[in-house]
Novice: 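There's a structure below that I have some questions on.
Note that the structure is predicted; figures quoted are calculated from it, not measured.
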Amino acid sequence: MIEISLNAQKELDDFFKNQEKKPIRLYLAPGEQSSRLEFLLDSPAAGDDIITVQNYTFCINAELLHKCGSIFIDVLDDAFIATPRIPFPKRSPSCSASSCSTCSSSCKK
């Protein structure tokens with residue numbers, strides 16, 4: 001399930017005002033402290049769940065959506081933010097994004 005704030009819907013309306021509405025992919029991106037959800041315009045692929053919310057189509061890997069539980073989309077400081085109901089694990093302090101493959105399992109995405 002995906003929910004969109006009124007502010008995010010307004011920003012999406014403004015973004016697509018002069019262009020064709022395309023599906024919006026939510027995908028997992030590594031971050032310094034934990035992974036996060038990011039956005040890009042993309043077509044659905046095999047293994048995706050396709051969700052239409054307030055006239056916008058979102059695609060997300062079904063397994064990723066299951067791990068998130070649900071997702072709330074909002075706007076903060078002129079940037080879209082996707083917050084999963086089930087937070088992603090934090091990386092250990094001794095772990096960096098580049099050394100993650102050599103760290104303990106707490107560092108894995």
Side-chain angles (χ1 to χ4, degrees):
M1 163 123 54
I2 295 176
E3 184 181 350
I4 305 174
S5 74
L6 291 175
N7 286 339
Q9 182 175 358
K10 180 187 176 304
E11 291 296 322
L12 284 170
D13 291 344
D14 288 346
F15 179 80
F16 285 108
K17 189 176 194 176
N18 296 317
Q19 63 179 313
E20 173 189 355
K21 273 189 192 178
K22 295 183 179 180
I24 303 165
R25 174 166 302 281
L26 292 163
Y27 67 97
L28 192 62
E32 289 183 24
Q33 296 181 352
S34 75
S35 297
R36 66 186 184 283
L37 292 170
E38 291 287 336
F39 304 80
L40 70 101
L41 300 180
D42 192 19
S43 298
D48 282 347
D49 277 351
I50 301 166
I51 303 164
T52 301
V53 182
Q54 298 169 337
N55 294 319
Y56 291 96
T57 301
F58 294 87
C59 53
I60 182 171
N61 177 275
E63 185 179 325
L64 176 58
L65 181 59
H66 177 74
K67 288 179 181 180
C68 291
S70 61
I71 299 168
F72 180 71
I73 298 173
D74 202 359
V75 175
L76 180 65
D77 297 329
D78 296 326
F80 287 102
I81 305 293
T83 306
R85 183 176 57 81
I86 302 170
F88 298 118
K90 299 279 186 204
R91 296 186 191 280
S92 68
S94 63
C95 187
S96 70
S98 62
S99 66
C100 195
S101 62
T102 61
C103 294
S104 69
S105 62
S106 65
C107 181
K108 305 255 186 234
K109 293 183 231 168

Novice: Nearest 0.5 Å, please: how far is NZ in Lys10 from CG in Leu12?
Specialist: 11.0 Å
Novice: Do other residues, nucleotides or ligands put more than 12 heavy atoms under 6.0 Å from Asp14 CG?
Specialist: yes
Novice: To the closest 0.5 Å, what do you measure between NZ (Lys22) and CG (Asp42)?
Specialist: 10.0 Å
Novice: Sequence neighbours left out, what pairs pass ring pair (Phe, Tyr, Trp, His ring centres under 6.0 Å) with at least one residue falling in residues 3-38?
Specialist: Phe16-Tyr56
Novice: So Leu37 and Ile73, side chain to side chain contact (heavy atoms under 4.5 Å, CB included) or not? Walk me through it.
Specialist: CA-CA 10 Å; Leu37 292 170; Ile73 298 173; over 6 Å; no
Novice: Pick out which of Val53, Thr83, Leu65 makes a side-chain contact (heavy atoms from CB on, under 4.5 Å) with Ile71.
Specialist: Leu65
Novice: Measuring from atom CG of Leu28 to atom SG of Cys68, what distance do you get when rounded to the nearest 0.5 angstrom?
Specialist: 7.5 Å
Novice: Is there a donor-acceptor pair closer than 3.5 Å between any side-chain N or O of Asp48 and the backbone N or O of Ile50?
Specialist: no
Novice: Under the 3.5 angstrom rule, does the side chain of Arg25 hit a backbone N or O of Phe39 as a donor-acceptor pair?
Specialist: no
Novice: To the nearest 0.5 Å, how far apart are CD1 in Ile2 and CZ in Phe72?
Specialist: 12.5 Å
Novice: Is the closest side-chain heavy-atom distance between Leu41 and Ile24 below 4.5 Å?
Specialist: yes
Novice: To the nearest 0.5 Å, how far apart are CD1 in Ile51 and SG in Cys59?
Specialist: 9.5 Å
Novice: How about Asp13 and Gln9: do any of their side-chain heavy atoms sit closer than 4.5 Å?
Specialist: yes
Novice: Near Lys21 NZ, under 6.0 Å, is it more than 12 heavy atoms from other residues, nucleotides or ligands?
Specialist: yes
Novice: Under a single-linkage definition using a 4.5 Å side-chain heavy-atom cutoff for Ile, Leu, Val, Met, Phe, Trp and Tyr, are Leu64 and Phe80 assigned to the same hydrophobic cluster?
Specialist: yes
Novice: For residues Phe58 and Ile60, determine if any side-chain heavy atom of one lies less than 4.5 Å from a side-chain heavy atom of the other.
Specialist: no
Novice: Around Gln54, counting heavy atoms of other residues, nucleotides and ligands shown, do more than 12 lie under 6.0 Å from its CD?
Specialist: yes
Novice: Please determine whether a side-chain nitrogen of the Lys or Arg among Arg36 and Glu38 lies less than 4.0 Å from a carboxylate oxygen of the Asp or Glu.
Specialist: yes
Novice: Quick one: closest heavy-atom pair of Pro84 and Ala82, and the distance?
Specialist: CD-O, 3.6 Å
Novice: To the nearest 0.5 Å, what is the distance between CD1 on Ile4 and CG on Asn55?
Specialist: 9.5 Å
